[in-house]
Amino acid sequence: MGLMAGEYTWEERRLEWLYGLLGLYNGLVVLLMAGFMSLTQEKIVNSMTAHAFLTTLPIVPLPASKGFLLSVGAYALLILLGKLYRHGGMTSGQLHLIFAAEIGICMMLMKSLNLAYDGIVLLAVADLMHRYHGENQSWLLLGAMLGIYFMANYNMAIFQRHVAPFDVYTAYYRPEVQSVLLAIKNGFQSLNIVLFVLYLVLLVQSKHHEKERIASLNKQLEEANVRLRAYALEAERTAETRERNRLAREIHDTLGHTLTGIVAGLDACIVLVDAVPAAAKKQLEKIRETARHGIVDVRRSVKKLRPDDLEKMPLQQAVKKVIAEFSASSGVEIHLVELGWPEKLREDEEEVIYRIVQEGITNARRHGKATKVTVTCGTEPGRFYIMIADNGKGCDKPQQGFGLRHMEERLELLHGRLRYWSDKGFTLEATIPMGKNVMDNNGEADV
């Protein structure tokens, strides 16, 4: 009934407090009733009227002290069983045994009190109600309560001839005292019923509120599931879009770079084929190697979307190799300036750096018709940068084409930045945050 083990709502605490009050009240009544009968029995014995008293009884009652101890002990055992039943965390079979023991203790306690008080049966009913959960158990609960009622009345009918009636004990006192004693006895019964009904009202309210709370939580959970499904669909669409863009970048970077080198080399061959056939032949051999390398790179890109060179060698060597091959096949003079490399890079960082260098020198030849390119790589506190400058024709207002756009997209995935400008050629600068800066930009390390 609680939220979690050891946690109680205000209603549950109030319900447990009222149950404790019901148990305390019944304990006080048992104590007073047993004490009254034991004290009266002692007075009868001391007044030498025991013979007259016994002639009015169907049985010989227990000695006063034994009867009192039996009643108090039976009630203490009943309370212990009730605590086990409510908080023991036992199996269903064990709970049934404990509840049956509670009923047996109630019958024994009622007999020890000479059937003068039967309100203790309501404690067992309160325990039964505490374990009630769900509408599907309503008939079982009703049957159990009726069974308790008829069992109690049946046992009272059986014990009627084997107990000393309460009226016989009150007959020892004056008539006006007898009236007061009977009124007190009836008052005990009535107040016990009032407390029990109040307990049932609070219990039903608690169950109702618990059902409402569960229904509200289920509704919130369903709404969360709907939002989660919508988010999952949106995430799937976003992932598909990013993957399509990634594939487009890979194809563009791989094929575009290779084909640009081949076209540039063929242009050189056209010029050399008549004037210097031997040089044209060597140029064609270089173009052939570039084409073969491009085929391997395309296959690798399609398979793993990662450059073949990065699979075989460190980043620095891969960058040097792609620069040397492009320079050899296209005739572009490329100078690499190394001012520093990061010590540790993730695979996605290495791939972005490699592709930026590859795309940068390709664009210098394809769009700028450059003959000289300078690639500068270096590190500064918290970042790694790449600057690619050429002597090409440049442009007054650089337009962002496919290559530049995909460079930006790649850098954005790493929280990097791309800048470019045209001044006596074309220059682009890419920066990638490293170490702590990545944590600060995203709140956590990228995976």
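Just so it is clear, the model here is predicted, and its values are computed rather than measured. The first residue of the sequence shown is numbered 1, and numbering continues consecutively from there.
Ring centers of F384 and W341: under 6.0 Å apart, within the cut-off. Outside the 6.0 Å centre-distance limit, the rings of Y19 and F196 are not counted as a close aromatic pair. If you look at F188 and Y117, their ring centroids are not closer than 6.0 Å.
Side chain of S112 to backbone of L109: a donor-acceptor contact under 3.5 angstrom is found. The backbone N or O of R13 lies less than 3.5 Å from no partner atom in the side chain of E16, so there is not a single donor-acceptor pair. Put simply, the side chain of T427 never gets that close to the backbone of A389: no donor and acceptor are under 3.5 Å apart. Of the possible donor and acceptor atoms, none in the side chain of S38 sits under 3.5 Å from a partner among the backbone N and O of G35. Of the possible donor and acceptor atoms, one in the side chain of Q178 sits under 3.5 Å from a partner among the backbone N and O of Y173. With hydrogens and angles disregarded, a donor-acceptor distance shorter than 3.5 Å links the side chain of T40 to the backbone of F36. The closest donor-acceptor contact from the side chain of Q317 to the backbone of P314 lies at 3.5 Å or more, if one exists at all. No donor-acceptor pair closer than 3.5 Å links the side chain of Y85 to the backbone N or O of I98.
Comment: R405 does not engage E408 in a salt bridge, judged by the lack of any side-chain N to carboxylate O separation of less than 4.0 angstrom. Note on E338 versus K320: salt bridge recorded, some NZ/NE/NH1/NH2 to OD/OE distance being below 4.0 Å. Note on E359 versus R365: no salt bridge recorded, every NZ/NE/NH1/NH2 to OD/OE distance being 4.0 Å or above.
Here the shortest heavy-atom pairing between V373 and A364 reads CG2-CB, 3.7 Å. Closest non-hydrogen pair, A74 versus M108, comes out as CB-CE, 3.7 Å. Contact between F326 and I334 at its shortest, heavy atoms only, is CD2-CD1, 3.8 Å.
Put simply, OG1 on T431 and CG on L418 are 8.5 Å apart, with the number rounded to the nearest 0.5 Å.
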